[in-house]
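Lettering of chains follows the sequences in order, A, B, ..., and the numbering in each one begins at 1.
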Protein chains: 2
Amino acid sequence: MARNSAPTLEDVARMAGVSTASISRALNDPDKVAKQTRDKIEKAIEVLGYTPNFGGRALASNRTNTVGAIIPSMANAMFASGVQAFQEVLSEAGVNLLLASTGYDPEQELRQIKALIAHGADGLLLIGDERPQATRDFLAKRRVEHVISWCFKPHSAQTYVGFDNCRAAYDATSRVLALGHRRFALISGVRDGNDRARDRHIGIETAIADFGQGAALLHVKEAKYRLEFGGEAFAWIMERPDTPTVIMCGNDVLAAGALMRARQMGIDVPDRVSLVGFDDIGLASVSNPPLATVRVPQIEMGRAAARMLLAKLSGGPVEAPAPLPTEFIHRGSLAAPPD
Amino acid sequence: MARNSAPTLEDVARMAGVSTASISRALNDPDKVAKQTRDKIEKAIEVLGYTPNFGGRALASNRTNTVGAIIPSMANAMFASGVQAFQEVLSEAGVNLLLASTGYDPEQELRQIKALIAHGADGLLLIGDERPQATRDFLAKRRVEHVISWCFKPHSAQTYVGFDNCRAAYDATSRVLALGHRRFALISGVRDGNDRARDRHIGIETAIADFGQGAALLHVKEAKYRLEFGGEAFAWIMERPDTPTVIMCGNDVLAAGALMRARQMGIDVPDRVSLVGFDDIGLASVSNPPLATVRVPQIEMGRAAARMLLAKLSGGPVEAPAPLPTEFIHRGSLAAPPD
DNA sequence: AATGTTTGTGTAAGCGCTTACATTGATTCT
DNA sequence: AGAATCAATGTAAGCGCTTACACAAACATT
């Protein structure tokens, strides 16, 4: 794909009658060049239609103004708006986004990290805290600047921009308990290698244990994050002898799948069983009944992650943000338990 | 962000006792290097933890193995799975994806095109056919390799990977007509600068005109692609004197918004008015009633676009694919008109 | 008037890689 | 056995840019 004979700095230099250094300066640090010279240079650039060659620039300056983001899946609406916000903030700073996805596979994640670094990413956005030692080693050994999001850990907070999944799940569960529910089930995302799913589970479990008074988490069923698996898990749970009055779900997609299956099975939601999702993606307010869920500050999270990563890359001071707030959204899929 | 003293080709060369050229060859064209030498090289690479420097590579070879995709919005589920598929195919070929979004703004699109090219994208994926002359000029003058997707134009088919929005809308409308509907309205996406929205409008209009027999498109209301605007448009239409028996929608998000508003207004869907969406995003099957819609081959489209772009970049033969098929999905939001 | 400072510019040395070309030694052919 | 061919490797010339350093001119300071 030879970029055919694009004009180079030297061409511009010749035309403007100045040295290549002046042009480079005019481009990267205009204040260092006299107005008059700058004008000549700008005109020459205009006439020739010059654009800096990326490779040359990257090689000489050893930075690409590109950062990477590696997310489990783009199809999951949960990440879409966050990544969009992330990208928008970067874009304003003249930084571009390399995007890759892992399909929730840790090995794939390492592969993508390597690929993005090899493709020149100056820094990385990663989702979630849990990853194999090999991946941690790579990040540490190569000193890859990175920000971790969609979760929050108090220790080493200059790396995390996110919310506390455990706490959010705890709070949601408390609200459900307050409504009178005692018999819980959980349709969880696959927890292996996914700290968000695990933390949500723990949050729910803890809230129930703390509450006492006979409240119990009767069943936990794992499902991949897709509608149909949510449905299957729902059916599995409802066919057990110990029927819950409420089913908490690892995210809204699982909850929506459960809801659809409930309709097929003729099980009324929320009259016979309540359903609670997580993430508050668009679908949650559209389903019927709409899904009670936990709203996650996706956009703010994406923006904050971008700001933090940019700060790290520019070597500036990095403020450690507090965990972002989540909010329980009570909607029609959740009601008091049947007497 | 100085990548501190990462090992270079020369370091590897010294350690393996071969020339830098051999290593470069071992990396890029292994067959040209004897097995024995390759082994030595691989070991040295392993030991040193060497990764090729991106800038050097890009500069010397004048390609980055990176392509860009510029989509209207990531938040719109319509693009998410397509882009994901696109990225997966690229990834298998060792090519990375730079992603940017425009918010449906043509000027923003040009800005992003320039930004991605300036950041070394070897080629580009663009959505839709309509763009300002300045953008076309830029693409032509700079000979930017690109593939256009989410639409299809028979002329110069080596550029398009997509489906025929007009035809898809025509077919859907025909199905609705066959059910007995005669009084149509349309909640369209913003058509200015968006050929997909316009083509869908034209398809609907044409199908109605071709059918004759008193069928008419009574109202057309534009709305941005968000739930609430779909709802507003729905309310606007239902408050007109000439009430339609069916409302076609520019996409599923608009249809879902309309559906929610219908529920609020106490208007039964489909008993009093039918609703038809477009795209078949996840939400369409979850709403109640589920949305009749047009399924779009997002994943196949993303994959095919990636293959086509890769073919173009490698200078290989580019086969001009046929337009991809769409499928009308009849669901509960569409029924025969009330007597 | 001599000195120091500042400002604007040029010179030239890389940055780490790919690749055309040259070289070597082994293999095949006559 | 000598010529012709081929495979494997090395040599070295860039690719287009940034930037340390050197320099000159203009200005301020004593």
Revision key, fill the gap. Checking B:Asp195, B:Asp129, B:Ile127 against B:Ile148 for side chain to side chain contact (heavy atoms under 4.5 Å, CB included), the one that qualifies is B:Asp129
Practice item. Report which part of the nucleic acid B:Thr8 touches: base, sugar-phosphate, or nothing (heavy-atom distance under 4.0 Å, all strands). Key: sugar-phosphate
Practice item. Over all heavy atoms of both residues, which pair between A:Ala16 and A:Lys40 is shortest? Give the atoms and the distance, please. Key: O-CD, 3.8 Å
Point to revise | Interface limits on DNA chain D, where chain B has a heavy atom under 4.0 Å of a nucleotide atom | key: D:dA8 to D:dG16
**Study point:** Length of the NZ-C1' vector between A:Lys40 and C:dG8, whole Å
**Key:** 11 Å
Practice item. Scan B:Ala34 against the nucleic acid and name what it touches under 4.0 Å (heavy atoms): base, sugar-phosphate only, or nothing. Key: sugar-phosphate
Point to revise | Pair of N/O donor and acceptor under 3.5 Å linking C:dG10 base with A:Arg25 side chain | key: yes
Point to revise | Atom pair distance, as rounded to whole Å: CD in A:Gln36 and P in C:dT7 | key: 18 Å
Exercise for review: Give a yes or no on whether A:Asp192 atom CG has more than 12 heavy-atom contacts from other residues, nucleotides or ligands under 6.0 Å away.
Suggested key: no
Check your understanding: Do A:Gln87 and B:Ser101 get their side chains close enough for a donor-acceptor pair, meaning under 3.5 Å?
Key -> yes
Check your understanding: So what does B:Ser22 hit on the nucleic acid, given a heavy-atom distance under 4.0 Å: a base, only sugar-phosphate, or nothing?
Key -> sugar-phosphate
Practice item. Examine the side chains of A:Thr102 and A:Gln112 and answer whether a donor and an acceptor come within less than 3.5 Å of each other. Key: no
Check your understanding: With a 4.5 Å limit on heavy-atom distance, are the side chains of B:Met74 and A:Phe79 in contact?
Key -> no
Check your understanding: When the C1' atoms of the five terminal pairs at each end define the local axes, what inter-axis angle does the helix from C:dA1-D:dT30 to C:dT30-D:dA1 show, to 10 degrees?
Key -> 30°
Review point. Which sits closer to the 5' end of DNA chain D, B:Gly56 or B:Lys35, going by the nucleotide each is nearest to?
Key: B:Lys35
Practice item. Please lay out, stage by stage, how A:Leu124 and A:Ile117 fare under the test side-chain contact (heavy atoms from CB on, under 4.5 Å). Key: CA-CA 8 Å; A:Leu124 248 34; A:Ile117 294 299; 4.1 Å; yes
Review point. Rounded to the nearest Å, what distance is computed from the CG atom of residue A:Asp31 to the P atom of nucleotide C:dT6?
Key: 17 Å
Check your understanding: B:Trp150 versus B:Met78: any side-chain heavy-atom pair under 4.5 Å?
Key -> yes
Practice item. Indicate yes or no: at least one non-hydrogen side-chain atom of A:Glu145 is less than 4.5 angstrom from one of A:Asp122. Key: no
